[in-house]
Amino acid sequence: MKAAVVNHSGDIPRYQDFPDPVVEDGLVRVTVEAVAVENVDRAIVAGTHYTAGPFQAALPAIPCFDGIGRLPDGTLVGFGGLTPPYGALAQYVVVPAGHTAPIPEGIEAPIAAVLSSAISAMSMATAAGLEVGETVLVQGATGVAGRLAVQIARLLGAGRIVATGRNDDALRELTALGADAVINTVASDTDLVQAFRDTAGDGYDVVIDYLWGHPTELLTRALIPESFAMPKPTRLVQIGESAGPAVQLSADALRTSGLEIYGAARNMATGMAAAYQQVVTWVRSGQLTIDVTTMPLSQIEAAWTRTDLRGTRLVISPD
Ligand SMILES: NC(=O)c1ccc[n+]([C@@H]2O[C@H](COP(=O)([O-])OP(=O)(O)OC[C@H]3O[C@@H](n4cnc5c(N)ncnc54)[C@H](OP(=O)(O)O)[C@@H]3O)[C@@H](O)[C@H]2O)c1
């Protein structure tokens, strides 16, 4: 079969032949229709993700661990459960029968491939318990996941939405998607701390954080009260690390702000099914827009190195 193959550590995937996966007992063959290429896939290929070990050990190997495809009976399904060297960027995959789930009617394969980014944004409710009327800060809102989070905050009934980014044109688009205020994080530390404070209104109830790193250090600094007043606690959901894998959290930022920090996975196991249904309903009704750019598998080298896809998810479809 044809596949996107990484031959050596540090290479980008190349379009080439790869042995067909074998269908053994308990496994099912899926004809691949759409695979989203996310930051986590790039980090695994680059060897920088904490789960990259099995992929790197299996080279030459096919990247991406889930996708959308058709069962032999024509049913459109999401699939996972792949084992390196086999990944999703191929004409076919063979997966355990239990690792497929039907895609609901009315959801096209490329959109289905990106649903997981929308579902993880639901962690503002599942992990942080967002309530109607509360103020949400989307930290790192100009990427694919952040743009979905802005829309989802609005759909969940947030009273006020503040969005951060580092590009003024992209920030203007967020206003159209539902942000009430935006902050450009390209500023001096002092100015950015002040901007977080000036834009907080009566306080950020929930932060959904796709950046981490220095911008989030400054955000935690901005949460320190400037008097002995007891501030409203902020519930921060850690979900991404576009600006860095670590933060330095000062004692007073935690002690005096009442800041609570949750991982996005908190309560996801129990909340996943409802979150999925809700996202599907919004997508079907057109209330939630997911932007995708599809490219054929044969163009994987050009696709993988594109740098012009801000805010839209790259989805690969076998030719
Ligand atoms: N846990 C989950 O389930 C889950 C789901 C989806 C995403 N994520 C994570 O969330 C993060 C964003 O994902 P995405 O899909 O939205 O990625 P994306 O579409 O590539 O967007 C990346 C975002 O990060 C910003 N950014 C990149 N480097 C930055 C830096 N050094 N300083 C400040 N901002 C920076 C980008 O700003 P520009 O637009 O200016 O480039 C953009 O807003 C990633 O870490 C991803 O792995 C996690």
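Just follow the structure's listing: the first ligand is 1, and inside any ligand the first atom is 1. Just so you know, these numbers use all the heavy atoms, side chains as well, and skip hydrogens, waters and symmetry mates.
At a threshold of 4.5 Å between side-chain heavy atoms, the hydrophobic network of Ile, Leu, Val, Met, Phe, Trp and Tyr places Val315 and Phe79 in two separate groups. The hydrophobic cluster containing Val93 also contains Phe55, counting ILVMFWY residues as joined when their side-chain heavy atoms lie under 4.5 angstrom apart, directly or transitively.
Considering only non-hydrogen atoms, atom 22 (C) of ligand 1 lies nearest to Ser242 out of Ser242, Ala36, Ser116. The closest non-hydrogen atom to atom 48 (C) of ligand 1, taken over Val37, Ile119, Ile239, Asp209, comes from Ile239. When the heavy-atom distances from atom 37 (O) of ligand 1 to Met268, Glu241, Arg166 are ranked, the shortest goes to Arg166. Across the listed options Gly143, Ala118, Pro215, Ala243, Gly143 owns the non-hydrogen atom lying nearest to atom 21 (O) of ligand 1.
Ligand 1 has Leu211 within reach: a non-hydrogen atom of the residue lies less than 4.0 Å from it. Taking a 4.0 Å cut-off on heavy atoms, Arg313 registers as neighbouring ligand 1.
Of the protein's non-hydrogen atoms, Ser120 CB, 3.1 Å is the one closest to atom 3 (O) of ligand 1. Counting protein heavy atoms only, atom 43 (O) of ligand 1 is closest to Thr142 OG1, 2.7 Å. Among protein heavy atoms, atom 47 (O) of ligand 1 sits closest to Asn39 CB, 3.9 Å.
By the criterion of a heavy-atom distance under 4.0 Å, both the backbone and the side chain of Ala145 are placed next to ligand 1.
Near Tyr210, with a cut-off below 4.0 Å to any heavy atom, the atoms of ligand 1 are 10 (O), 11 (C). Listed by number with element, the atoms of ligand 1 under 4.0 angstrom from any heavy atom of Gly240 are 9 (C), 10 (O), 11 (C), 45 (O). Applying the 4.0 Å criterion to heavy atoms of Val144 picks out, from ligand 1, the atoms 16 (O), 19 (O).
Note: no N/O pair closer than 3.5 Å links Glu38 and ligand 1 by distance alone. At least one N/O-N/O distance between Arg310 and ligand 1 falls below 3.5 Å. Where the criterion is an N or O separation shorter than 3.5 Å, residue side chain and backbone included, Ala264 fails it with respect to ligand 1.
The shortest distance between side-chain heavy atoms of Thr199 and Arg160 falls below 4.5 Å.
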I'd like a table of donor-acceptor pairs (distance under 3.5 Å, sequence neighbours excluded) in which one partner is a side-chain atom from residues 27-46, with atom names and distances.
{"unit_1": "Glu33", "atom_1": "OE2", "unit_2": "Arg70", "atom_2": "NE", "d": "2.9"}
{"unit_1": "Asp41", "atom_1": "OD2", "unit_2": "Glu38", "atom_2": "N", "d": "2.8"}
{"unit_1": "Arg42", "atom_1": "NH1", "unit_2": "Trp304", "atom_2": "O", "d": "2.7"}

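Minimum interatomic distance between Phe196 and Pro215 (heavy atoms only, all atoms of both residues): CE1-O, 3.8 Å. In this structure, Leu223 and Ser257 approach most closely via the heavy-atom pair O-CB, 3.5 Å. Pro110 and Thr294 make their closest contact through CB-CG2, 3.9 Å (heavy atoms, listed as atom of the first residue, atom of the second, distance). The heavy-atom pair separating Glu105 from Arg284 by the smallest distance is O-NE, 2.8 Å.
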* To do: Starting from the C-alpha separation in whole Å, work towards a yes-or-no answer on side-chain contact (heavy atoms from CB on, under 4.5 Å) for Val94 and Tyr86.
  => CA-CA 8 Å; Val94 167; Tyr86 287 99; over 6 Å; no
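Checked options Asp291, Thr142, Thr289; the residue passing with Arg147 is Asp291 (criterion: side chain to side chain donor-acceptor pair (under 3.5 Å)).
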